[in-house]
Amino acid sequence: IAARQLKYCPFKDLASMLRSFHYAIYTAQFENSSRIPGSSEFLHPWHEAWYKTVYKAFMDSYLETAGPSSFIPEEEIQIKNLLSIYTIQKAIHEADYEFKNRPDWLHIPLNGLREILFDFLRPKA
């Protein structure tokens, strides 16, 4: 009960949801790749485009609904950085799980981690 009463940042839940969207794409690709040989390479840009569209729609809706709440940073860069940190943490946890339980799925969190880190470390213009 004490653990449930602890307060934590809601961005942890947001990161979990965003990672779930990413998993949905790559799980479907992984499970259906044998049906259409070569489809993975062809569909990869479309998967990423879908993910970015869903990511943006979800976050825009969440931030609009939350409004100027005390748990939402005022600056967009703070929101991005906070979300990136929690998403990186979630992807590392997923990689550990997949490594121990489903090594053939390890590419899913590692691919997500690569994308997150690339975006997070990209120089800001």
Side-chain angles (χ1 to χ4, degrees):
I1 293 176
R4 289 196 159 276
Q5 293 175 339
L6 292 175
K7 294 187 188 304
Y8 65 92
C9 182
F11 280 73
K12 184 176 182 178
D13 291 333
L14 291 174
S16 292
M17 192 68 205
L18 294 170
R19 290 295 308 139
S20 293
F21 295 146
H22 196 255
Y23 251 79
I25 297 167
Y26 288 97
T27 299
Q29 176 186 343
F30 182 69
E31 291 177 350
N32 294 307
S33 62
S34 63
R35 293 182 188 167
I36 307 171
S39 64
S40 296
E41 295 78 20
F42 173 76
L43 293 174
H44 181 75
W46 295 103
H47 291 153
E48 289 304 315
W50 181 88
Y51 176 72
K52 288 177 183 176
T53 301
V54 170
Y55 178 107
K56 182 171 178 7
F58 178 77
M59 286 305 301
D60 287 351
S61 294
Y62 183 88
L63 294 173
E64 182 181 334
T65 301
S69 301
S70 62
F71 60 89
I72 304 290
E74 291 180 17
E75 295 183 35
E76 189 174 329
I77 190 69
Q78 292 174 323
I79 293 171
K80 184 178 186 309
N81 288 343
L82 192 58
L83 190 57
S84 293
I85 295 301
Y86 280 111
T87 308
I88 289 167
Q89 181 183 27
K90 179 66 176 167
I92 290 171
H93 173 76
E94 292 165 356
D96 180 57
Y97 175 85
E98 299 301 3
F99 180 76
K100 292 175 182 173
N101 297 289
R102 297 185 294 202
D104 53 331
W105 285 39
L106 186 57
H107 69 281
I108 297 173
L110 292 180
N111 182 44
L113 188 57
R114 184 188 73 229
E115 295 295 325
I116 297 161
L117 289 172
F118 178 77
D119 188 49
F120 183 69
L121 298 174
R122 184 180 331 173
K124 311 302 183 254

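In this structure, Met59 and Leu14 approach most closely via the heavy-atom pair CE-CD1, 4.0 Å. Of all heavy-atom pairs spanning Ile72 and Gly67, the tightest one is CG1-O, 4.1 Å. Annotation for Pro73 and Leu82: closest pair CG-CD2, 4.2 Å, computed over non-hydrogen atoms. Here the closest heavy-atom approach between residue Ala91 and residue Ile116 is recorded as CB-CD1, 4.2 Å.
Using a 4.5 Å cut-off on side-chain heavy atoms (C-beta onward), Leu18 and Lys90 make no contact. The side-chain heavy atoms of Tyr23 and Trp105, taken from C-beta on, include a pair separated by under 4.5 Å. Counting heavy atoms from C-beta outward, Arg19 and Pro109 have side chains that approach closer than 4.5 Å. The closest side-chain heavy-atom distance from Tyr51 to Glu115 is not below 4.5 Å. A 4.5 Å side-chain heavy-atom check between Tyr62 and Asp13 finds every atom pair outside the cut-off. The shortest side-chain heavy-atom distance between Leu110 and His107 does not fall under the 4.5 Å cut-off. The closest side-chain heavy-atom distance from Gln89 to Tyr86 is below 4.5 Å.
Within a 6.0 Å radius of CZ in Phe118, no more than 12 heavy atoms belonging to other residues, nucleotides or ligands are found.
Taking CG of Leu83 as the start and CD of Gln78 as the end, the distance is 13.5 Å to the nearest 0.5 Å. The CD1 atom of Ile25 lies 11.5 Å from the OG atom of Ser20; values are rounded to the nearest 0.5 Å. Distance check, rounded to the nearest 0.5 Å: CG of Leu106 to CG of Asn111 gives 11.0 Å.
Residues Ile92 and Phe99 do not share a hydrophobic cluster, defined by chaining ILVMFWY side chains whose heavy atoms lie under 4.5 Å apart.
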